[in-house]
Structure formats: structure tokens, C-alpha cells
Engineer: 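Provided herewith is a single structure, encoded as C-alpha cells, for subsequent inquiry.
On a predicted model such as this, the values are computed, not experimentally measured, just so you know. A note on names: the letters A, B, ... follow the listed sequences, proteins ahead of strands, and every chain is numbered from 1.
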Number of protein chains: 2
Amino acid sequence: MEEKRRQILDAAVRVFAHKGFHTSRVGDIAEEAGVAHGLLYHYFSSKDEVLETVFHENWSVLLDRIRAVEDTDEPAAEQLRHVAAILLRTWRHEPDVVRVVVREIARSPEVQQRIGELVEPVDSIRRIVENGQARGELRADLDPQLAATIFYGGIDAILTSWVLGTREDGDDAIARAEQTLAEVVRTGFVTPA
Amino acid sequence: MEEKRRQILDAAVRVFAHKGFHTSRVGDIAEEAGVAHGLLYHYFSSKDEVLETVFHENWSVLLDRIRAVEDTDEPAAEQLRHVAAILLRTWRHEPDVVRVVVREIARSPEVQQRIGELVEPVDSIRRIVENGQARGELRADLDPQLAATIFYGGIDAILTSWVLGTREDGDDAIARAEQTLAEVVRTGFVTPA
DNA sequence: ACGGCTGTCGAACGGTCGGTCAACGGGCGC
DNA sequence: GCGCCCGTTGACCGACCGTTCGACAGCCGT
């Protein structure tokens, strides 16, 4: 039954999200999924493979949506806003996915090395910046890679504060975060002359 | 001998920086310090206490330097630049400290809850933003907390890319990163009209 | 109705590691 | 020179947990 595999993966997302990967026991995942923990090894070869599968499945969905933004013909500033919106709104629909990705994987060098996909959102943002510069919409004197890293870092920091419960996270708060990021892109922090 | 305690702490920074906290064995730290692993328990009550001590000692130094920036009478934009400089340049002098703080601690909720200090740099930045707004230097329509989170996130993302080896990190690269952050604060990404 | 295959179970294994502790030794006071 | 303290050692313990594996149950083809 392929359905059990899903059960296990879904359970794993929840467990990893709430306890973190290395504090989660294989037994916890099995219990959450309602199966014996031996069964997990019928569908996956190891605990690590479960983590990688969970990660890959969810991350590639986000990646595709981010990449799709590159193909629109909106101004670069608007494209950046869309990228922010995709990531920030995911917190609303799938907080557990954000928890596990943000908190557990994005920083861990062991995983980072095995999974190249992690840098890809930054690459996507970088291309948006480069195209914006080529069209004269964005300042040409910014290093695109650096600007992309900074922008992604801003999004990531906001998500992190939601994950950690440090910041209000209702619908309006999400909209405000999106808006603030857009404003920073538009004119920075300093009062325009 | 109090000196042995230092030896152990210094060894711990190196080991945590290169292997991560939960993959580091107590024996690794002892070996790096050149002592028997039992001795570690003469100076610390647990492996966790070692981590907390390492973290606290190094983090409080950075915190004090960041807080000191609040007391200067420079323009807010300049103060933000200084905060960025403090954090980014630490990568130059003490990469291992940055590695362990950035990669190991800043994201882990277990530690996050035990150690309130982690949010303090963001608080400090927030106060700088608020004061800048009060003096009319910074845009009053930005939520200071949100702006501070975004700014800190940008710094953090740059440090992370250095830690992961994704980005060039010579003296000039550090200067460029600092400069780019300052420019983003000044006028954002968009070409000024 | 039989044999085997697939999915499922959970007891048991094996290795790892944080933490303990009895013993040692060398320096210091007497 | 004697004993005592205390920093130091490393063998050992016990728990934990990922992984294995033999058993079993239901179903399907024959």
C-alpha cells in the first residue's frame, strides 16, 4: 500500500517540525503515523532517507513556484515581492513544512552538502535582480548575488521569528511583513530627500 | 588549574565549529584539549553546560559591542553600518566563533528558549531604527521591529554563506558586503528616479 | 485448499556515548 | 619524610535508539 508511505511522511513532517530531526526518534514517527516502527524500514532505508524525502518533496514545490515568478513580465520589484509572498504565505498554509525546512535543514551543513537545492531560491532571486538591472529598473551598482542573499535573509529571518514564536503572525501581520520587505526594496530605510 | 578550563572551552569552540554540537563527542573535545574526557566533568556539569558557556562568553562580547553603537551620536544609517561591520568582521578574526553561533545555536529552539540573549541584537537594531525615526532620519512608516529583523537577517544570511563556503570571503569581499548592506539601507534596490 | 508473496509487527541486537568513579600521583604543609 | 589533598586519568556502566529479523496474517493465483 502506497498510502502507508504517505502516512509515514506526513507524520514525519509533524514530528520533525515539533521536535527537530535529531531529537525525533524513529518510534515517534511510527507512533504518529500509527504503524509499527519496523515498517518504516520497509518504505525507507534509514531515518535520514525519510528526512531527505520530506525535504525534497516539499522544497521542490516551493522552488517551482519561485522559479515561475522569473517568467512573468512584471517589474523586478514586483517579482521580488511575489517571491516574498510565496515564502511568507507558506507559513499560513503549511507551518510545519516551514518549521522543518527553516529550523532544521537550511542551516545544517551536513544536509546542505548533500542537497544542492538549498541555494536555488537565492539563485532564482539573483537572476531576478540581474534582469531588473539589465532593464534599468534596479540599481546596477549592487552585486546581484549579495543583494539576493540579503533579500532572502530578510525573508528567512521573518519566518524564523514566526517559527520561534517571537512575532505576531496573523493574516495581517503576514501582509505587513510582505509590505515592509517591498518598501525596503523600493527605497530602503532612509527617509527620501 | 583554571587554565585547563580555558583549554577545554577553546577546544570546544573549535570542535563545535567544525563538527556541530550534536555530532561532537565529549571525547572529541577532550582530545582536542589534550585531556582525559573525565576531566571535563570536573569543570563542567554536562556537555550542554560547555555549549552554553562557550556561547555565553563569546556572544556577550559581541552584544556589548553592538550595544555600544547605540550610544554614539552618528546618524542612524551610520549606526546600522557599524552593527553590520561588527558582525561581518568577526568572521575575519574569529571564524570559529561565528560558525558555532550562526550555524549551531541561533536556530535551535531548545537553546533559543534557554538563552534569551539571542534576540538582543535584533532589539538593539530596533532601538537604533526607532531613534532614527524619531530624529526624522529614517522612514516613519516602517515597523521598527520588522525592519530590524530584516536587517539582521541580511547580515545573518551573508555570514551563513561564508560559513557554508558558498561565497568568497576575503577582506575586500567583507568590505563589499558591508557596503552593499549600507546601500540597501540608504536607498533600497530600485534605481532612484 | 494450498503455497507463497506482500505488508505488518515488535522483540531483540549492537553500537555509541554521556556520565561516573575508584585509583593514582605529585606537590604542599607540617 | 609523611600523609593529605585535589587535579587528573580512563575503564566501565547504563541508557538510548537506529536497525534487523523471524514470525504471522490475509490475500491471490492456481
Engineer: Taking only residues two or more places apart in sequence or in another chain, which ones pass side chain to side chain donor-acceptor pair (under 3.5 Å) with A:H42?
Structural biologist: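 If we apply the side chain to side chain donor-acceptor pair (under 3.5 Å) test to A:H42, skipping adjacent residues, there are no hits.
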Engineer: Without decimals, in angstroms, what is the distance between A:D28 CG and D:dG18 C1'?
Structural biologist: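 Roughly 12 Å, once rounded to whole Å.
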Engineer: Are B:E168 and B:R176 close enough for a salt bridge, meaning some N to O gap below 4.0 Å?
Structural biologist: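 B:R176 and B:E168: salt-bridged.
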Engineer: What is the distance, rounded to the nearest whole Å, between atom CG of B:L40 and atom C1' of C:dG18?
Structural biologist: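 That distance rounds to 10 Å.
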Engineer: Between P on D:dT19 and CD1 on A:I8, what's the gap in Å once rounded to a whole number?
Structural biologist: 14 Å
Engineer: Rounding to a whole Å, what distance do you find between A:L51:CG and D:dC17:P?
Structural biologist: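 Roughly 17 Å, once rounded to whole Å.
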Engineer: Are any of the side-chain nitrogens in A:E178 or A:R89 under 4.0 Å away from the carboxylate oxygens of its partner?
Structural biologist: yes
Engineer: Using side-chain heavy atoms (C-beta onward) and a distance below 4.5 Å, is B:V101 in contact with B:T90?
Structural biologist: no
Engineer: How close or far is atom P of D:dG18 from atom CZ of A:F44, stated in whole angstroms?
Structural biologist: 15 Å
Engineer: Below 3.5 Å is the cut-off: list the nitrogen or oxygen pairs between protein and nucleotides 11-13 of chain D, distance only.
Structural biologist:
residue	atom	partner	partner atom	Å
D:dA11	N6	B:H37	NE2	3.4

Engineer: In terms of ring plane angle, is the pair B:F21 and B:F16 parallel, tilted or perpendicular, where the classes change at 30° and 60°?
Structural biologist: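 If you compare the ring of B:F21 with that of B:F16, the planes turn out perpendicular.
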Engineer: Please check this pair: side chain of B:Q79 against backbone of B:V69, looking for a donor-acceptor N/O pair closer than 3.5 Å.
Structural biologist: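 Yes, B:Q79 side chain to B:V69 backbone: donor-acceptor pair under 3.5 Å.
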Engineer: B:A36 has a side chain; which of D:dG10, C:dG18, C:dT8 sits nearest to it?
Structural biologist: D:dG10
Engineer: Just checking B:E31: does its CD atom have more than 12 heavy atoms from other residues, nucleotides or ligands closer to it than 6.0 angstrom?
Structural biologist: no
Engineer: Quick one: is D:dG7 close enough that its OP1 or OP2 comes under 4.0 Å of any side-chain N or O from B:H42?
Structural biologist: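 It does, given that an N or O in the side chain of B:H42 lies less than 4.0 Å from OP1 or OP2 of D:dG7.
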Engineer: For the side chain of B:L39, counting heavy atoms from C-beta on, which of D:dT8, C:dT8, D:dT19 is nearest?
Structural biologist: D:dT8
Engineer: Please give, in whole Å, the distance from C:dG19 P to B:I29 CD1?
Structural biologist: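 To the nearest whole Å, that distance equals 10 Å.
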Engineer: Provide, to the nearest angstrom, the distance between the CD atom belonging to B:E3 and the P atom belonging to D:dC6.
Structural biologist: 19 Å
Engineer: Walk me through it: do B:F44 and B:V26 pass the test side chain to side chain contact (heavy atoms under 4.5 Å, CB included)?
Structural biologist: CA-CA 11 Å; B:F44 304 94; B:V26 171; over 6 Å; no
Engineer: A:D48 has an atom CG; how far is it from atom P of D:dC17, in whole Å?
Structural biologist: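 A:D48 atom CG is separated from D:dC17 atom P by 16 Å.
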Engineer: What parts of residues 11-26 of chain A reach DNA chain D, counting only heavy atoms under 4.0 Å away?
Structural biologist: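 The answer is A:S24, A:R25, A:V26.
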Engineer: Could you work out which one of D:dT8, C:dG19, D:dT19 sits closest to the side chain of A:Y41?
Structural biologist: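 Of all the options, the side chain of A:Y41 is nearest to D:dT19.
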Engineer: Please determine whether a side-chain nitrogen or oxygen atom of A:K47 lies at a distance below 4.0 Å from atom OP1 or OP2 of D:dT19.
Structural biologist: no
Engineer: Would you call A:R139 and B:E183 a salt bridge, taking side-chain N to carboxylate O under 4.0 Å as the test?
Structural biologist: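 Salt bridge present between A:R139 and B:E183.
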